[in-house]
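For this chain, numbers begin at 1 and follow the sequence in order. Read the numbers this way: they start at 1 and go in the same order the structure lists the ligands and their atoms.
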Amino acid sequence: MKILVCVKQVPNTNAVKINPETGTLIRDGVESILNPDDDNALEAALQIKDKVEGTNVTVISMGPPQATEVLVECLAKGADDAILLSSRAFGGADTWATSNTIAGAIEKIGDYDIVFAGRQAIDGDTAQVGPQIAEKLNIPQVTYVEEVQKVEDGKITVKRQLEDGYEIIEIPTPCLLTAVKELNTPRYMSVKGIYDAYNTEITVWDENDIPVKPEEIGLKSSPTKVFRSFTPEPKGKGMMIEGTPKEAAVKVVDELKKKHFL
Ligand SMILES: Cc1cc2nc3c(=O)[nH]c(=O)nc-3n(C[C@H](O)[C@H](O)[C@H](O)COP(=O)(O)OP(=O)(O)OC[C@H]3O[C@@H](n4cnc5c(N)ncnc54)[C@H](O)[C@@H]3O)c2cc1C
């Protein structure tokens, strides 16, 4: 079985602080990490590898040369190969151009059973790249996968998270699945894994190595452009409500009505 996992290097958004004077984000010194949902996607792939003999797991990332760091981490956890899609021509891409580039690389790889992605990246936060890759490859997809129940020849059964329940879906392979954090607990890197990872060569592809057209990739070809970005206004001060529980409840309801929540 051949499994591909799309992984993104992201700034640790928990550590991003706001400069109170300028109101802008302080990104200096913020570490870059493997996007959390992608760690769950990789873990799901590695668990299948542990069970199904002969499974090969390849991780793919589009990003600048330093994105190699997350690929090394994935190799140290147990992935077999890593591909970095890196070129100035890919820079500034929106989700459409990003998914064109990643789908192009997957098309080049050709022979695969499952493509895993995270549900969402914690920086861009759109949750669009996985589904768009599936559309471009013309393969079925299940998003919000919280459990992989059965892996059989030619099909896989998964549990899909919904707001108020779940769905059990049987899906033919090749297919794309996006992972949520409830799917599993990602493993740590092993010492041998770290050692081996630094001895594994990472394949680097640019726009000439994959079947993509110049008008499908990068900032210039992106249908959306970020026009302005700003730090959201801090929330107002909290309000203390005095009185008996009954009086307080009435005041809370009044406040919620004033703000049109009720
Ligand atoms: C300089 C710059 C300019 C940008 N300009 C724009 C713009 O004009 N308009 C706009 O809409 N966006 C813009 N972006 C953001 C960019 O669109 C997103 O970072 C990118 O498309 C991925 O979307 P996302 O982060 O929302 O991923 P999501 O869709 O939330 O990610 C879902 C999953 O897809 C996979 N994935 C996502 N990205 C990658 C990747 N690079 N490599 C491998 N797997 C990946 C991962 O598995 C991830 O968990 C810009 C980014 C930069 C750095």
Trainee: Any non-hydrogen atom of R119 lying under 4.0 Å from ligand 1?
Mentor: yes
Trainee: Quiz question: by atom type and distance under 3.5 Å, do the side chains of T143 and R160 form a donor-acceptor pair?
Mentor: yes
Trainee: At their closest point, which heavy atom of I114 faces which heavy atom of I48, and how far apart are they?
Mentor: CD1-CD1, 4.0 Å
Trainee: Heavy atoms only, cut-off 4.0 Å: how does L85 contact ligand 1, side chain, backbone, both, or neither?
Mentor: neither
Trainee: Note the single closest protein heavy atom to atom 52 (C) of ligand 1, along with its residue, its atom name and the distance in Å.
Mentor: G92 CA, 4.2 Å
Trainee: For ligand 1, is there an atom lying under 4.0 Å from some heavy atom of D37?
Mentor: no
Trainee: Kindly write out the residues that satisfy side chain to side chain contact (heavy atoms under 4.5 Å, CB included) with I168, not counting sequence neighbours, or none if the list is empty.
Mentor: Q149, T157, K159, Y166
Trainee: Please write down residue, atom name and distance for the protein heavy atom closest to atom 38 (N) of ligand 1.
Mentor: K8 CD, 3.4 Å
Trainee: In terms of residue, atom name and distance, what is the protein heavy atom nearest to atom 33 (C) of ligand 1?
Mentor: G118 O, 3.3 Å
Trainee: Under 4.0 Å from ligand 1, counting heavy atoms only, is it the side chain of A41, its backbone, both or neither?
Mentor: neither
Trainee: Give me the residue, atom name and distance of the protein heavy atom closest to atom 50 (C) of ligand 1.
Mentor: A93 O, 3.7 Å
Trainee: Decide side chain to side chain donor-acceptor pair (under 3.5 Å) for K2 and T58; before the verdict, give the C-alpha distance in whole Å, the side-chain angles of both, and the deciding distance to 0.1 Å.
Mentor: CA-CA 8 Å; K2 173 95 182 151; T58 300; 2.7 Å; yes
Trainee: Please state which part of T98 comes within less than 4.0 Å of ligand 1, counting heavy atoms only: side chain, backbone, both or neither.
Mentor: side chain
Trainee: In the protein, what heavy atom is nearest to atom 41 (N) of ligand 1, and what distance, to one decimal place, separates them?
Mentor: M62 O, 2.9 Å
Trainee: Considering only protein heavy atoms, which is closest to atom 10 (C) of ligand 1, and at what distance to one decimal place?
Mentor: D94 CB, 3.3 Å
Trainee: Looking at residues at least two apart in the chain, or sitting in another chain, which of them share a side-chain hydrogen bond (donor to acceptor under 3.5 Å, both in side chains) with Q132?
Mentor: T95, S99
